[in-house]
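Below is one structure. I have some questions about it.
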Amino acid sequence: KAKILGVRCSYGVMENLLISGDLGYEFESKLIAFGLAAQYALNPVIGADLPVDLAVRLAYGVLDFKFKDLGMIEFLVVISKKIEQVEGLDVYGAIGLVKALASGAKTELMATIGVTYALPVDKLSMFAEFTYVKDANSIGIGAIYAF
């Protein structure tokens with residue numbers, strides 16, 4: 001059963017830096033969720049010829065525009081790889097920490113695995129992912145438009 005319906009837009013601000021914005025609607029509590037993230041590609045910085053792409057991601061998300069829960073901050077190391085055998089298919093994984101900003105909240109381990117597939121429509125792709133956070137696992141399916 002879907003709990004949140006959302007959209008994601010991303011914008012390459014400069015070489016190696018991607019900014020993303022998420023906006024969603026949480027059905028049960030009727031709250032609007034949003035998030036902002038910055039992802040920086042490390043391969044050009046470290047100068048290594050690696051078989052995967054590496055990045056770091058810092059994100060902030062909140063489930064309520066009134067900021068009652070103060071939101072959460074995520075720090076992740078992201079690994080991605082284009083699948084050469086299937087045009088437009090990428091796989092990715094991330095591992096890091098998530099910290100809810102509410103008083104007394106613990107820092108938790110966060111891990112994500114997913115795929116993206118570029119659609120025949122310019123700059124539009126689909127994604128599916130599974131995210132593990134203690135007591136808050138989630139499955140996401142959606143569309144991404146890259147400006």
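Computed over heavy atoms, backbone and side chain alike; hydrogens, waters and symmetry mates excluded.
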- Task: Measure the spacing between CD1 of Ile46 and CG of Leu54 and express it to the nearest 0.5 Å.
- Result: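 Ile46 CD1 to Leu54 CG: 5.5 Å, rounded to 0.5 Å.
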message = So Ser20 and Arg57, do their side chains get closer than 4.5 Å, heavy atoms only?
response =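 Arg57 vs Ser20: side chains touch.
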query = Is it the case that one hydrophobic cluster holds both Met126 and Leu124, taking links as side-chain heavy atoms less than 4.5 Å apart, direct or via other members?
reply =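 Yes, because Met126 and Leu124 connect within a single hydrophobic cluster, where side-chain heavy atoms sit under 4.5 Å apart.
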Quiz item: Can you tell me how far the NZ atom of Lys99 sits from the CD1 atom of Ile73, to the nearest 0.5 Å?
Solution: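 The distance works out to 9.5 Å.
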For Val52, is there any backbone N or O sitting under 3.5 Å from a side-chain donor or acceptor partner on Asn43?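 Between the backbone of Val52 and the side chain of Asn43 there is a qualifying donor-acceptor contact (under 3.5 Å).
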Item to complete: Can you measure from OG1 (Thr116) to CZ (Phe127) and round to the nearest 0.5 angstrom?
Response: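 It is 10.0 Å, given to the nearest 0.5 Å.
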| said: Using the rule that Ile, Leu, Val, Met, Phe, Trp and Tyr join whenever any side-chain heavy atoms are under 4.5 Å apart, tell me whether Val86 and Ile144 fall into a single cluster. | reply: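 Different clusters.
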Heavy-atom pair of closest approach, residues Ala59 and Ala37: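 What the structure gives for the nearest pair is CB-CB, 3.7 Å.
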Can you confirm whether or not the ring centre of Tyr132 sits under 6.0 Å from the ring centre of Phe130?
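No, the ring of Tyr132 stays outside the 6.0 Å limit from the ring of Phe130, centre to centre.
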Under 3.5 Å side-chain donor-acceptor pair for Thr112 and Thr131: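 Thr131 and Thr112 do have a side-chain donor-acceptor pair below 3.5 Å.
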In Å, rounded to the nearest 0.5 Å, how long is the span from CG of Leu89 to OH of Tyr117?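 The distance works out to 8.0 Å.
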Query raised in the report: Once you round to the nearest 0.5 Å, how far does NZ of Lys30 lie from OH of Tyr25?
Result: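 Lys30 atom NZ to Tyr25 atom OH measures 5.5 Å (nearest 0.5 Å).
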* Asked: In terms of hydrophobic clustering (I, L, V, M, F, W, Y; side-chain heavy atoms under 4.5 Å; direct or indirect links), are Ile141 and Leu119 co-clustered?
  ->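 As far as the 4.5 Å side-chain criterion goes, Leu119 and Ile141 are not connected within one cluster.
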| ILVMFWY network linking Leu31 to Leu23, side-chain heavy atoms under 4.5 angstrom |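 Different clusters.
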Worksheet item: Looking at OG1 of Thr107 and CG of Leu97, how far apart are the two atoms once the value is rounded to the nearest 0.5 Å?
Response: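 The OG1 atom of Thr107 sits 6.5 Å away from the CG atom of Leu97.
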> Mind checking whether Ile113 and Val115 sit in one hydrophobic cluster, side chains of I, L, V, M, F, W, Y counted as touching below 4.5 Å?
Replying inline: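 Each belongs to a different hydrophobic cluster.
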task = Write down the atom of Val78, the atom of Ala94, and the distance for their closest heavy-atom approach.
result =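 Between these two residues, the closest heavy atoms are CG2-CB, 4.0 Å.
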Around atom OH of Tyr145, are there more than 12 heavy atoms from other residues, nucleotides or ligands closer than 6.0 Å?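 Yes, the 6.0 Å shell around OH holds more than 12 heavy atoms from other groups.
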Where Val62 and Leu70 come nearest, the two heavy atoms and their spacing
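For Val62 and Leu70, the tightest heavy-atom pair comes out as CG2-C, 4.4 Å.
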I'd like to know if the side chain of Lys134 reaches the main chain of Leu109, judged simply by a donor and an acceptor atom lying under 3.5 Å from each other, with no hydrogens or angles considered.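 Side chain of Lys134 to backbone of Leu109: no pair is present.
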Quiz item: What heavy-atom pair brings Tyr40 and Glu15 nearest, and what distance separates the two atoms?
Solution: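 Taking every non-hydrogen atom into account, CE1-O, 4.3 Å.
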- Considering all heavy atoms, the nearest Arg8-Asp22 contact: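 Scanning both residues completely, I find the closest heavy atoms to be NE-OD1, 2.7 Å.
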| Close side-chain approach of Leu36 to Ile19, heavy-atom, < 4.5 Å |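 No; the side chains remain at least 4.5 Å from each other.
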Just wondering, do Ser10 and Leu18 contact through their side chains at under 4.5 Å, heavy atoms?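 When only atoms from C-beta onward are counted, Ser10 and Leu18 do touch, with a gap below 4.5 Å.
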Return the minimal non-hydrogen interatomic distance between Glu108 and Val133, and the atom names on each side.
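Result for this residue pair: CB-CG1, 4.0 Å.
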